[in-house]
Undergrad: 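Sharing a structure, written as structure tokens. Questions coming.
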Amino acid sequence: MKLVTTLYRQFQHLVHEVAKFGLVGLLGLVVDLPIYNWLVFNNPLVLADSGVGMLHHKPLTAKLISTTVATIVTYFGNRYWTWRHRERSGLHREYVLFFVLNGIGLLIAAGCLAFSRYVLDLHSWLSDNIAANFIGLGLGTLFRFWSYRKFVFKEELALDEAEHTPTPDSPAELDGESTGDLPAVR
């Protein structure tokens, strides 16, 4: 029964993390999408191809800019909400790792966009958004979730371990756990 309870707790915790990560990701998309479409198509509402934006012929540069702004927003959402229960390993370390791993996620989305633009020769707002913000972002999000959990926000706080560690009930039990050090003063 303990195994079932433990597995349920771990699965429930993961579902909560995935849900929070997804909501923070949606916030990042709400930041990323209008910036990209404004820079490339002069239309932040993504309703149709309304023209030529200032970076129309540089979609990868526009994607870099929009994703960088979204990365700043999602870092704070993930650090202070999604993985707030994880041990802090230093803002500088986390931030650098977060940006490096987000850079890899950006390369995934940019690779999909570049394939659509330069291999398939598709230049519409619809093809750009499907390639970069649906396929690329989807693949990048899978990578980001795994890598943030593994490398950036690594360890859970040891609250569960402290609750399940048996404590000695009597002084005799304390003496039985001798480490060879000086005796305990009582």
Side-chain angles (χ1 to χ4, degrees), residues 14-86 88-154:
L14 182 63
V15 168
H16 287 268
E17 279 187 349
V18 168
K20 288 178 179 181
F21 180 78
L23 288 172
V24 170
L26 282 175
L27 177 62
L29 183 63
V30 167
V31 171
D32 186 338
L33 202 60
I35 293 172
Y36 175 80
N37 283 286
W38 173 65
L39 291 171
V40 177
F41 300 107
N42 200 27
N43 182 0
L45 298 178
V46 197
L47 297 175
D49 188 1
S50 62
V52 176
M54 64 182 102
L55 292 176
H56 186 74
H57 299 292
K58 295 184 177 194
L60 300 179
T61 302
K63 191 66 187 158
L64 172 70
I65 293 167
S66 66
T67 301
T68 300
V69 174
T71 297
I72 294 166
V73 171
T74 59
Y75 172 78
F76 290 107
N78 281 314
R79 170 70 277 172
Y80 295 107
W81 189 49
T82 305
W83 286 297
R84 72 174 177 242
H85 61 281
R86 299 234 174 186
R88 302 233 184 319
S89 59
L91 181 64
H92 179 67
R93 178 198 163 278
E94 285 179 358
Y95 205 64
V96 168
L97 268 175
F98 191 86
F99 260 90
V100 167
L101 296 172
N102 232 354
I104 295 169
L106 168 64
L107 289 176
I108 293 169
C112 293
L113 177 60
F115 183 79
S116 172
R117 275 277 180 133
Y118 304 119
V119 174
L120 300 178
D121 200 30
L122 301 172
H123 298 275
S124 72
W125 68 275
L126 183 60
S127 62
D128 275 12
N129 282 290
I130 288 173
N133 298 316
F134 182 70
I135 297 170
L137 186 65
L139 295 173
T141 297
L142 293 173
F143 169 76
R144 285 179 183 102
F145 181 76
W146 170 79
S147 63
Y148 295 168
R149 268 185 119 235
K150 179 121 177 112
F151 301 112
V152 182
F153 309 115
K154 292 179 11 174

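Note that the structure is a prediction, hence the values are computed from the model and not measured. Numbering starts at 1 and runs along the sequence shown.
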Undergrad: Considering residues, nucleotides and ligands other than F134, do more than 12 of their heavy atoms fall under 6.0 Å from its CZ?
TA: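 No, CZ of F134 has 12 or fewer neighbouring heavy atoms, counting only those of other groups under 6.0 Å.
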Undergrad: If every non-hydrogen atom of L137 is compared with every non-hydrogen atom of R144, which pair is closest and at what distance?
TA: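 Of all heavy-atom pairs spanning L137 and R144, the closest is CD1-NH1, 4.0 Å.
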Undergrad: A side-chain contact here means heavy atoms from C-beta on lying under 4.5 Å apart; do W125 and N43 qualify?
TA: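 Side chain of W125 against side chain of N43, heavy atoms only: no contact under 4.5 Å found.
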Undergrad: Which pair of heavy atoms, one from A131 and one from S116, lies closest together, and at what distance?
TA: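 Looks like CB-CB, 3.5 Å.
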Undergrad: Looking only at heavy atoms, what is the nearest atom pair of L122 and S127, with distance?
TA: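 In this case the closest contact between L122 and S127 is CB-OG, 3.5 Å.
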Undergrad: Where do T74 and G28 come nearest, in terms of heavy atoms and distance?
TA: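 Heavy atoms only, the tightest pair is CG2-CA, 3.6 Å.
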Undergrad: Rounded at 0.5 Å granularity, tell me how far CG in D32 sits from OG1 in T71.
TA: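 With rounding to 0.5 Å, CG (D32) is 8.0 Å from OG1 (T71).
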Undergrad: How many angstroms lie between OG1 in T82 and CZ in F76, if you round to the nearest 0.5 Å?
TA: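 Output value for this atom pair is 13.5 Å.
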Undergrad: Output, in order, the C-alpha distance, side-chain angles, deciding distance and verdict of side-chain contact (heavy atoms from CB on, under 4.5 Å) for F99 and T68.
TA: CA-CA 9 Å; F99 260 90; T68 300; 4.3 Å; yes
Undergrad: Could you go through F143 and L107, starting from their C-alpha distance and side-chain angles, then the distance that decides it, and tell me whether this counts as side-chain contact (heavy atoms from CB on, under 4.5 Å)?
TA: CA-CA 11 Å; F143 169 76; L107 289 176; over 6 Å; no
Undergrad: Can you sort out the partners of W146 under ring-ring contact (aromatic ring centres under 6.0 Å, His included), two or more places apart, ordered by chain and number?
TA: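 So W146 forms a ring-ring contact (aromatic ring centres under 6.0 Å, His included) with F151.
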Undergrad: Working to the nearest 0.5 angstrom, can you tell me the gap between F145 CZ and K150 NZ?
TA: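 That separation rounds to 13.5 Å.
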Undergrad: Has the side chain of S66 got a donor or acceptor atom that lies under 3.5 Å from a matching backbone atom of K63?
TA: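 Answer holds: yes.
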Undergrad: Taking side chain as C-beta onward, heavy atoms only, is V52 less than 4.5 Å from N42?
TA: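 When only atoms from C-beta onward are counted, N42 and V52 do not touch, as no gap falls below 4.5 Å.
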Undergrad: Determine, stepwise, if the pair N102 / Y75 fulfils side chain to side chain donor-acceptor pair (under 3.5 Å).
TA: CA-CA 10 Å; N102 232 354; Y75 172 78; over 6 Å; no
Undergrad: Applying side chain to side chain contact (heavy atoms under 4.5 Å, CB included), name anything that partners L126, two or more places apart in sequence or on another chain.
TA: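 Partners of L126 under the side chain to side chain contact (heavy atoms under 4.5 Å, CB included) test: S124, I130.
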Undergrad: Between atom NE2 of H57 and atom NE2 of H123, what is the distance when rounded to the nearest 0.5 Å?
TA: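 That separation rounds to 9.5 Å.
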Undergrad: Is F98 close to N78 at the side-chain level, that is, under 4.5 Å between some pair of heavy atoms?
TA: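 A side-chain contact exists here, since the closest heavy-atom pair is under 4.5 Å.
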Undergrad: Would you check, one step at a time, whether the test side-chain contact (heavy atoms from CB on, under 4.5 Å) holds for L113 with D128?
TA: CA-CA 6 Å; L113 177 60; D128 275 12; 3.6 Å; yes
Undergrad: What are the two closest heavy atoms between F41 and H56, and how far apart are they?
TA: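 Taking every non-hydrogen atom into account, CE2-CE1, 3.7 Å.
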Undergrad: If I compare all heavy atoms of P59 with all of V40, which pair ends up nearest, and what's the gap?
TA: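 Of all heavy-atom pairs spanning P59 and V40, the closest is CA-CG2, 4.2 Å.
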Undergrad: Check whether any side-chain heavy atom of I135 lies under 4.5 Å from a side-chain heavy atom of F115, and answer yes or no.
TA: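 With C-beta onward as the side chain, the pair stays apart.
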Undergrad: Can you list the steps and then say if I65 with L55 is a side-chain contact (heavy atoms from CB on, under 4.5 Å)?
TA: CA-CA 10 Å; I65 293 167; L55 292 176; 3.8 Å; yes
